[in-house]
Undergrad: 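Below is the structure I would like to discuss, written out as structure tokens.
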Amino acid sequence: MASSFSLSSLRYADGLLVAGASTLTAILCESLSWLLIYRTPTYKTLRSSIDRASKKLESMKSEDLKESSSSLSSKKSSSKSKKIDRVEAGLKESSRELSMAKFKSGAVVAAVLFVVFGLLNSLFEGRAVAKLPFEPVGFVMKMSHRGVPGTDPTDCSMAFLYFLCSISIRTNLQKLLGFAPPRGAAGAGLFPMPDPKAS
């Protein structure tokens with residue numbers, strides 16, 4: 001009496017299917033990004049110039065801090081700050097060009113994500129695909145329970161699970177493959193550092 005194993009017999013089959021689809025979508029999107037962006041000479045040149053400029057800016061700022069602690073003439077300090085401003089302007093320009101280069105393939109990646117999301121949404125419409133280990137707060141519950149019948153706040157919709165998986169898997173995949181934005185790129189993260197000169 002051999003029992004056959006199938007994914008549908010698992011307790012968390014729907015959740016695993018959504019997480020697997022999210023992983024495959026992330027791999028597909030990063031492959032498309034590599035094909036359209038990361039392998040181009042323009043991207044490689046911009047990335048290396050951003051890396052060089054950010055290292056130069058870091059060293060110039062650390063030297064400026066050391067020199068400001070020891071009292072030097074204001075003439076040297078003013079020329080040093082002008083050099084720093086020029087390097088910062090070059091870094092911002094390179095970062096802007098890099099963002100424009102990445103924007104071109106963004107439409108293709110967005111189309112893939114919309115198609116996969118639409119497919120999964122039609123497959124799991126009105127079904128809870130996972131159970132949350134906690135009761136989410138109000139605004140999170142509206143997202144996590146969207147389209148799921150019933151009153152159990154720990155039921156998780158496909159959209160919420162797909163969103164969480166996509167964000168975490170794609171970000172980590174970019175870091176693993178070395179496609180994460182350069183450290184010094186303006187707006188490299190979700191919350192970029194504010195410009196101290198703007199205030």
Undergrad: I'd like to check the ring-ring contact (aromatic ring centres under 6.0 Å, His included) partners of Tyr38; sequence neighbours left out, ordered by chain and number.
TA: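 By the ring-ring contact (aromatic ring centres under 6.0 Å, His included) rule, Tyr38 matches Tyr43, Phe179.
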
Undergrad: Under the side-chain contact (heavy atoms from CB on, under 4.5 Å) rule, what do Val18 and Cys165 come out as? Steps first, then yes or no, please.
TA: CA-CA 8 Å; Val18 170; Cys165 289; 5.5 Å; no

Undergrad: According to a hydrophobic-cluster definition based on side-chain heavy atoms being under 4.5 Å apart (Ile, Leu, Val, Met, Phe, Trp, Tyr only), do Val129 and Phe117 belong together?
TA: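 Yes, Val129 connects to Phe117 through the hydrophobic network.
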
Undergrad: Would Leu113 and Leu161 show up in the same hydrophobic cluster when neighbours are defined by side-chain heavy atoms closer than 4.5 Å?
TA: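 Linked, Leu113 and Leu161 end up in one cluster.
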
Undergrad: Can you check whether Ser166 reaches Thr25 side chain to side chain, under 4.5 Å on heavy atoms?
TA: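 Side chain of Ser166 against side chain of Thr25, heavy atoms only: no contact under 4.5 Å found.
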
Undergrad: Please name the pair of heavy atoms, one in Ala19 and one in Ile169, separated by the smallest distance, quoted to 0.1 Å.
TA: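 Heavy atoms only, the tightest pair is O-CD1, 4.2 Å.
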
Undergrad: Quick one: are Glu88 and Ile84 in side-chain contact, heavy atoms under 4.5 Å?
TA: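 The answer is yes, as the side chains (C-beta and beyond) meet within the 4.5 Å cut-off.
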
Undergrad: Treating Ser59 as the side-chain partner and Lys56 as the backbone partner, does any N or O pair qualify as donor plus acceptor under 3.5 Å?
TA: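 Such a contact is found between Ser59 side chain and Lys56 backbone.
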
Undergrad: Above 12 or not: heavy atoms from other molecules or residues under 6.0 Å from CZ of Phe134?
TA: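 Atom CZ in Phe134 is crowded, with more than 12 foreign heavy atoms closer than 6.0 Å.
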
Undergrad: OG of Ser22 to CE of Met158: how many Å apart, nearest 0.5 Å?
TA: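 Output value for this atom pair is 10.5 Å.
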
Undergrad: Is any side-chain N of the basic residue among Lys61 and Glu58 closer than 4.0 Å to the acidic one's carboxylate O?
TA: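 Salt bridge absent between Lys61 and Glu58.
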
Undergrad: Could you grab the distance from atom NZ of Lys80 to atom CE of Met60, nearest 0.5 Å is fine?
TA: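 Going from NZ on Lys80 over to CE on Met60, the span is 5.5 Å.
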
Undergrad: Decide side-chain contact (heavy atoms from CB on, under 4.5 Å) for Ile50 and Ser95; before the verdict, give the C-alpha distance in whole Å, the side-chain angles of both, and the deciding distance to 0.1 Å.
TA: CA-CA 7 Å; Ile50 288 173; Ser95 296; 3.9 Å; yes

Undergrad: Look at atom CZ of Phe163 and say whether more than 12 heavy atoms of other residues, nucleotides or ligands are closer to it than 6.0 Å.
TA: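 Open: at most 12 neighbouring heavy atoms sit under 6.0 Å from CZ of Phe163.
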
Undergrad: Can you give me the closest heavy-atom contact between Leu120 and Ala21, atom names plus distance?
TA: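 For Leu120 versus Ala21, the nearest heavy atoms are CD1-CB, 3.8 Å.
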
Undergrad: Which residues pass the salt bridge (charged side-chain N to carboxylate O under 4.0 Å, His left out) test with Arg52, sequence neighbours left out?
TA: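 Result, salt bridge (charged side-chain N to carboxylate O under 4.0 Å, His left out) vs Arg52: none returned.
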
Undergrad: Mind listing the closest non-hydrogen atom pair of Val148 and Ala128 along with its distance?
TA: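 Nearest heavy atoms, Val148 then Ala128: CG1-CB, 3.9 Å.
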
Undergrad: To the nearest 0.5 angstrom, please state how far the CG atom of Leu46 sits from the CD1 atom of Ile37.
TA: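 Between atom CG of Leu46 and atom CD1 of Ile37 there are 11.5 Å.
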
Undergrad: For a 4.5 angstrom cut-off between non-hydrogen side-chain atoms, does Leu57 reach Lys83?
TA: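 Leu57 does not reach Lys83 side chain to side chain.
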
Undergrad: Using side chain to side chain contact (heavy atoms under 4.5 Å, CB included) as the criterion, list what pairs up with Arg39, not counting sequence neighbours.
TA: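 Arg39 satisfies side chain to side chain contact (heavy atoms under 4.5 Å, CB included) with Trp34, Leu35 only.
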
Undergrad: Nearest 0.5 Å, please: how far is OG in Ser105 from CG in Leu32?
TA: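 The distance works out to 8.0 Å.
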
Undergrad: Quick check on the hydrophobic clustering: are Leu123 and Leu17 connected, directly or via other members, by side-chain heavy-atom contacts under 4.5 Å?
TA: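 Linked within one cluster.
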
Undergrad: Is there a chain of hydrophobic side chains (I, L, V, M, F, W, Y, each step under 4.5 Å between heavy atoms) that links Leu28 to Leu24?
TA: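 No, separate clusters.
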
Undergrad: Once salt bridge (Lys or Arg N to Asp or Glu O under 4.0 Å) is applied, what residue pairs with a partner in residues 136-146 remain, sequence neighbours excluded?
TA: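 Of all non-adjacent pairs touching residues 136-146, none passes salt bridge (Lys or Arg N to Asp or Glu O under 4.0 Å).
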
Undergrad: Distance-only, no hydrogens or angles: does the Ser48 side chain make a donor-acceptor pair with backbone N or O of Thr45 under 3.5 Å?
TA: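 Yes, the answer is positive, given that a donor and an acceptor are paired below the 3.5 Å cut-off.
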
Undergrad: Locate the shortest heavy-atom distance separating Val87 from Ala53; write the atom from each residue and the value.
TA: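 Of all heavy-atom pairs spanning Val87 and Ala53, the closest is CG1-O, 3.7 Å.
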
Undergrad: Are Phe160 and Phe124 connected into the same hydrophobic cluster when the rule is that any two of I, L, V, M, F, W, Y join if their side-chain heavy atoms are below 4.5 Å apart?
TA: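 No: no chain of side-chain contacts under 4.5 Å links Phe124 to Phe160.
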
Undergrad: Supply the atom-to-atom distance Glu30 CD to Leu176 CG, rounded to the nearest 0.5 angstrom.
TA: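 Reported to 0.5 Å precision, the distance equals 10.5 Å.
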
Undergrad: Check Ser157 against Met143 and note the closest heavy-atom contact, atom names and distance.
TA: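 Ser157 and Met143 have their closest heavy atoms at OG-O, 3.5 Å.
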
Undergrad: Do Cys29 and Arg170 come close enough that some side-chain heavy atom pair is under 4.5 Å?
TA: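 With C-beta onward as the side chain, the pair touches.
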
Undergrad: Starting at CZ of Phe114, measure out to CG of Asn121 and round the result to the nearest 0.5 Å.
TA: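 If I round to the nearest 0.5 Å, the distance is 12.5 Å.
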
Undergrad: Using the side-chain hydrogen bond (donor to acceptor under 3.5 Å, both in side chains) criterion, which residues pair with Glu97? Sequence neighbours excluded.
TA: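 With sequence neighbours excluded, Glu97 shows a side-chain hydrogen bond (donor to acceptor under 3.5 Å, both in side chains) to no residue whatsoever.
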
Undergrad: May I have all residue pairs that pass salt bridge (Lys or Arg N to Asp or Glu O under 4.0 Å) and include part of residues 150-160, sequence neighbours excluded?
TA: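 Checked against salt bridge (Lys or Arg N to Asp or Glu O under 4.0 Å) - neighbours excluded - the pairs reaching residues 150-160 are Lys131-Asp152, Lys131-Asp155.
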
